[in-house]
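A note on names: the letters A, B, ... follow the listed sequences, proteins ahead of strands, and every chain is numbered from 1. Note that these values count all heavy atoms, side chains included, but never hydrogens, waters or copies made by symmetry.
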Amino acid sequence: MLLAEVVAAADAVAATTSRTAKRDLIAALLRAAEPHEVGTVARLLAGDPEQGRIGIGWATLARVEVAPAPASSLAVADLDSALDEVAALVGAGSATARRERLGRLMAGATAAEQFFIRRLLIGELRQGALEAAVADAVAAAFDVPQADVRRALMLSGDLGRTAEVARTRGRAGLAGVSLTVGRPLQPMLASPGEDIGAAVAAVAGPGDGRAPVAVEWKLDGARVQIHRDGDEVGVFTRNLNDVTGRLPGVVATALELPVGRFVVDGEVLGVDPDARPELFQDTMRRLGRRSGAGAGASPVGDSAAGSAPARDASRAGDSAASRAGHSAASRVGDAGPAPGGPAAGAVGLRPWLFDVLHIAGDDLLDRPLAERRAALAELAPAHRVPGIVTADAAEADAFLRGALQAGHEGVVVKDLASPYAAGRRGAAWRKVKPVHLLDLVVLAVEEGSGRRRGWLSNLHLGARDSDGGFVMVGKTFKGLTDELLAWQSAELLARETGRERHVVHVRPELVVEIALDGVQRSTRYPGGVALRFARVRRYRSDKTAAEADLIDTVRSLLPRSG
DNA sequence: GTAATTATTTC
DNA sequence: TTCGAAG
DNA sequence: CTTCGAAGAAATAATTAC
């Protein structure tokens, strides 16, 4: 298949806002593809090429300027192999070599193709259709039920393979896709809850006689899905990245459990010697460390295993997913203190489990949560996330307060009758965490892009200094309706004091109420703190900048670090 | 040696 | 994370 | 009412460029 056909389809998809039209356009393209190309084409249209991120970003692309070819000649396979080649370039001089190879690819591409390749590589296809849309198109193209395609996609985590299966083996083939120990599936997600009472009511139903719900601590770490098959262990993140080699302690824990074959779901989190959870930043620091990759005990084993970042976690499907058998030896060395890092006494990242998806040959996905929790209690009682079962909102509230007291993020309220809805952000799980509010001053604003082009969108936020000045503590563009965007654009434009690039500086007069989850240490901002998940609640027209919150108030939200 | 670039995770 | 569009 | 996509920040590590 010619790349031009794919690009034409992508352009047509971008040109319509109708989801069914998008689906039909993609379906027509998939039908036209050769059977062996279906997977590649599907992934291209979903903006997720098999090679993943290959070390090309906007900066690299900006330096590759090649006159477009007058006529299209590239095949899909040409693009695919070019991506393979670029991905294979590592080590000294690789960036130059990448640019060179990319330039050759671009020289053979028409203007439209070049544009598509750029968007693809940057990871922003912006056609209003990604994985889910393509999945629906797969169903339409090959005349198989949408639900079957989605299920296979969630269980395999692999759109290309799912598309190929649908094309070559149809409905029966899709039905044959099942949870496979060692291969990650899409994790179930929680939807946001207003507060604990609302969450309990939403999950259990309102009023008397409501069903009991599970209420569990919500830990501020990294989601992990742990697979064990005999002495093979694989650990995967929320995005199905393989982090087995970075979590020797988790591997060791998995190997200690009394059952040889299982899939469990949970969170990894560092804990201080005094049992307080580490800051998210510190947990991520540990997870980010790639020393100790693989099973070997050689602490300076170098990055021999897939030297390029992000590539050891490639989703090549059959990659070296799990080969971390004898990891106990590497555990002690790896968990050692990072230079300049926190707490030498910390024991490294530990798994906290809250679900079981498979155990000893039985898939539990379709079983009620109550049953899965019971299975977990038997499999790994010492590693469970603390939780209760209750029908009483007051009891749930008390448990939430306890979680916060212990330094955790909040709780997740779960329907005990619900199955494990892989890949869904359903109403069966509701997360509840406290919201902080701050009144901050708008110091500057950035021009919007995409559908916010023409508006002033991203706000630079400042807290009040003790001597009358303002200290920037973060930015946000969230929580703005189109109406509010229009209003703030006009108001801020009227206060413009100067511009640099896309940033419009304004007189610090407007006070905006910001909701946030908390604050974290920052090296970027002069106040030493940055807002976490800041979003606009409303403008405080009733307040002047002199009444905004102080930087010390912002700092007081910092959790005490380990 | 330091700065820039890219990629990764969380939300 | 939040919002808006689509169905 | 639900799903989906798009908008972006922050911190970190690895690697390359200068």
Of the candidates dT10(B), dT1(C), dG8(D), the side chain of Lys433(A) sits closest to dT1(C)
Atom CH2 of Trp455(A) and atom P of dG8(D) are separated, to the nearest Å, by 14 Å
Counting only side-chain nitrogens and oxygens, does Asn239(A) get under 4.0 Å of the OP1 or OP2 atom of dT8(B)? no
note: Leu557(A), atom CG; dA10(D), atom C1'; distance rounded to Å ~ 17 Å
Pick base, sugar-phosphate or nothing for Arg223(A), based on heavy-atom distances below 4.0 Å to the nucleic acid. sugar-phosphate
Those residues at least two apart in sequence (or on a different chain) that pass side chain to side chain contact (heavy atoms under 4.5 Å, CB included) with Ala12(A) are Leu25(A)
Result for 5'-nearest mapping on DNA chain D, choosing between Val529(A) and Asp136(A), is Asp136(A)
Once you apply a heavy-atom cut-off of 4.0 Å, does Arg99(A) come out as touching a base, just sugar-phosphate, or nothing? nothing
Checklist line | Sugar-phosphate, base or nothing in reach of Ala534(A), heavy atoms under 4.0 Å | finding: nothing
Contact string for nucleotides 2-7 of chain C, one letter per nucleotide 5' to 3', B = base within protein heavy-atom range under 4.0 Å, S = sugar-phosphate only, - = neither, reads SSSSBS
Atom CZ of Arg98(A) and atom P of dT6(B) are separated, to the nearest Å, by 9 Å
Ranking dG8(D), dA9(D), dC11(B) by distance to the side chain of Phe533(A), first place goes to dC11(B)
Rounded to whole Å, the CZ-C1' distance (Arg430(A) to dC1(D)) equals 11 Å
Counting distance only, does the side-chain N/O of Lys431(A) pair as donor-acceptor with the main-chain N or O of Gly410(A) below 3.5 Å? no
> Within 45° of the six-membered ring axis of Phe115(A) and under 6.0 Å from that ring's centre, is NZ or CZ of Arg119(A) located there?
Replying inline: yes
Q) Is a side-chain N or O of Ser489(A) found less than 3.5 angstrom from the main chain of Leu456(A), in a donor-acceptor match? A) yes
Quiz prompt | Asp136(A) and Thr20(A): CA distance, side-chain angles, deciding distance, side-chain contact (heavy atoms from CB on, under 4.5 Å) verdict | solution = CA-CA 9 Å; Asp136(A) 288 353; Thr20(A) 52; over 6 Å; no
Residue pair Asn239(A) / Thr237(A), side-chain donor-acceptor N/O under 3.5 Å: no
- prompt: When the aromatic ring centroids of Tyr539(A) and Trp487(A) are compared, is their separation below 6.0 Å?
  reply: yes
Kindly say if Lys431(A) contacts the phosphate of dC11(B), meaning a side-chain N or O under 4.0 Å from OP1 or OP2. no
Across all chains, not counting sequence neighbours, the side chain to side chain contact (heavy atoms under 4.5 Å, CB included) partners of Gln520(A) are Gln281(A), Ala530(A), Arg532(A)
Atom CD of Glu409(A) and atom P of dT1(C) are separated, to the nearest Å, by 8 Å
Taking dA9(D), dC11(B), dT3(D) as options, the one with an atom nearest any side-chain atom of Arg150(A) is dT3(D)
Rounded to whole Å, CZ of Phe477(A) lies from P of dC11(B) at a distance of 15 Å
Look at Tyr525(A) and dA9(D) and indicate whether a side-chain polar atom (N or O) is within less than 4.0 Å of OP1 or OP2. no
Whole-Å distance, Leu440(A) CG to dA9(D) P, equals 16 Å
Quick one: label Lys22(A) by what it contacts on the DNA or RNA (base, sugar-phosphate, nothing), any heavy atom closer than 4.0 Å. nothing
Per nearest nucleotide of DNA chain D, the residue lying toward the 5' end, Leu130(A) or Ser457(A), is Leu130(A)
Rounded to whole Å, CG of Leu531(A) lies from P of dC11(B) at a distance of 18 Å
